[in-house]
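These notes are about the structure you will find just below.
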Protein chains: 2
Amino acid sequence: MAKSPNKLEVLKLGNQLCFPLYACAKEVIKIYRKPLAKIGLTYTQYIVMVILWEFGEMSEKELGEKIYLDSGTLTPVLKKLEKFGFVKRQRMTEDERFVKITLTDNGVKLREKASNIPQALEGNIYLSYDEMITLYNLLNKALEGINERKTQ
Amino acid sequence: MAKSPNKLEVLKLGNQLCFPLYACAKEVIKIYRKPLAKIGLTYTQYIVMVILWEFGEMSEKELGEKIYLDSGTLTPVLKKLEKFGFVKRQRMTEDERFVKITLTDNGVKLREKASNIPQALEGNIYLSYDEMITLYNLLNKALEGINERKTQ
DNA sequence: TTAAAATAAATTGCACACAATTCAATAATA
DNA sequence: TATTATTGAATTGTGTGCAATTTATTTTAA
């Protein structure tokens with residue numbers, strides 16, 4: 001049975017958590033980079049497309065909330081994807097402050113070409129299925145906590 | 001009892017893991033940003049200092065391996081820290097290709113001022129101690145796997 | 001109903017992050 | 001030993017990522 005941790009121990013571990021999180025995210029993104037280059041996308045562009053493939057059209061604001069990016073990052077990425085011909089950006093007539101992001105036909109088609117991208121991780125993540133599930137759940141729980149704090 | 005997952009399920013989950021990892025890392029770094037600004041450091045600069053505080057002087061190459069950064073990122077960061085007066089950079093006489101990174105007195109002193117930085121996470125990570133331990137272990141296991149693959 | 005506040009994007013400036021290349025020093029080998 | 005290969009750091013160019021500010025639009029409230 002593990003001893004009950006004091007506050008200092010929790011803090012120290014929190015600090016230690018930070019680094020592997022940072023390093024692991026970078027390394028996993030790096031694994032995706034090469035296969036993504038083959039279909040002409042960066043990781044950030046890919047994530048935008050994944051969200052749009054899953055949820056369909058939405059405002060830039062909504063997209064930014066889902067992807068944890070503000071307009072400072074997102075606007076240039078979306079303009080690039082528009083230049084590539086994968087998305088369309090247009091002000092909404094109901095409220096001209098909002099920009100609606102829509103997939104073009106080519107954007108929809110790209111989904112198939114990207115379908116083998118997840119295989120990039122094959123043989124690169126040495127975790128069991130159960131460990132991956134646990135990791136996935138803990139990360140999402142942590143994210144939820146951070147979101148909760150934000151909306152207060 | 002969970003059913004045995006097929007390969008496709010593992011791949012799909014791997015892909016899904018990628019995003020919360022990316023998002024969570026960004027959000028946690030964001031939490032550190034404000035308290036770090038008070039002692040005049042960015043997150044990357046802080047991680048460099050943490051490594052040097054823990055392990056002492058080492059070459060830029062060694063530092064880069066520990067922190068998962070190449071010279072393209074690390075050289076400018078180290079030059080900045082040198083300008084701040086926290087580290088010293090000098091070519092090693094034994095082998096002039098290597099640059100040895102050493103803490104200055106001010107660099108050592110900064111450690112105390114930074115001692116309360118981990119408290120930034122207090123009230124921001126809604127995970128139990130055990131969950132944090134599990135998350136920490138899984139991330140490190142994933143990192144080890146990635147490293148292993150690299151050295152092959 | 002108009003002035004003030006709020007809101008969504010866009011812009012600006014700074015700091016990474018990394019691939020690719022260059023440069024200088026050292027090691028390997030013909 | 002002279003040539004080639006390798007290695008560590010530095011440089012260059014592109015792409016985020018974000019805080020702070022600006023702009024245009026809409027909402028709120030006086």
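Chain naming here is simple, since letters A, B, ... match the order of the sequence lines and numbering starts at 1 in each.
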message: Going 5' to 3' along DNA chain C, which are the first and last nucleotides with any atom under 4.0 Å from a heavy atom of chain A?
response: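 From 5' to 3', the first and last contacting nucleotides are dT7(C) to dA19(C).
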field: Of all pairs that satisfy salt bridge (charged side-chain N to carboxylate O under 4.0 Å, His left out), the ones with a partner from residues 138-147 of chain B, not counting sequence neighbours
entry: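 Sorted pair list: E131(A)-K141(B).
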query: Any salt bridge (charged side-chain N to carboxylate O under 4.0 Å, His left out) pairs touching residues 33-60 of chain A, not counting sequence neighbours?
result: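 Listed by first then second residue: E57(A)-K100(A).
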According to side-chain hydrogen bond (donor to acceptor under 3.5 Å, both in side chains), who are the partners of [X], at least two apart in sequence or on a separate chain?
X	answer
Q90(A)	none
K66(A)	none
K30(B)	E27(B)

Run the salt bridge (Lys or Arg N to Asp or Glu O under 4.0 Å) test against [X] and tell me which residues pass, sequence neighbours left out.
X	answer
E82(A)	R89(A)
R111(B)	none
K26(A)	none
D70(A)	none

statement: With sugar-phosphate taken as primed atoms, P, OP1 and OP2 and all else as base, the protein-contact string of nucleotides 11-24 of chain D at under 4.0 Å (heavy atoms; B, S, -) is B---SSBBB-----
message: Near DNA chain D, counting only heavy atoms under 4.0 Å, which residues of residues 85-93 of chain A show up?
response: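 Under 4.0 Å from DNA chain D: no residue of residues 85-93 of chain A.
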- prompt: Are the aromatic rings of Y22(A) and Y43(B) close, with centres under 6.0 Å apart?
  reply: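 Distance test on ring centres: under 6.0 Å, yes.
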task: Return the value, rounded to whole Å, for the distance between atom CD of E60(A) and atom P of dT25(D).
output: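 Between P of dT25(D) and CD of E60(A): 16 Å.
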- request: Find the distance D95(B):CG to dG8(D):P and express it as a whole number of Å.
  value: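 Whole-Å distance recorded here is 8 Å.
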- request: Would you kindly compare E96(A) and L74(B) by the position of their nearest DNA chain D nucleotide and give the one closer to the 5′ end?
  value: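 Of the two residues, L74(B) wins.
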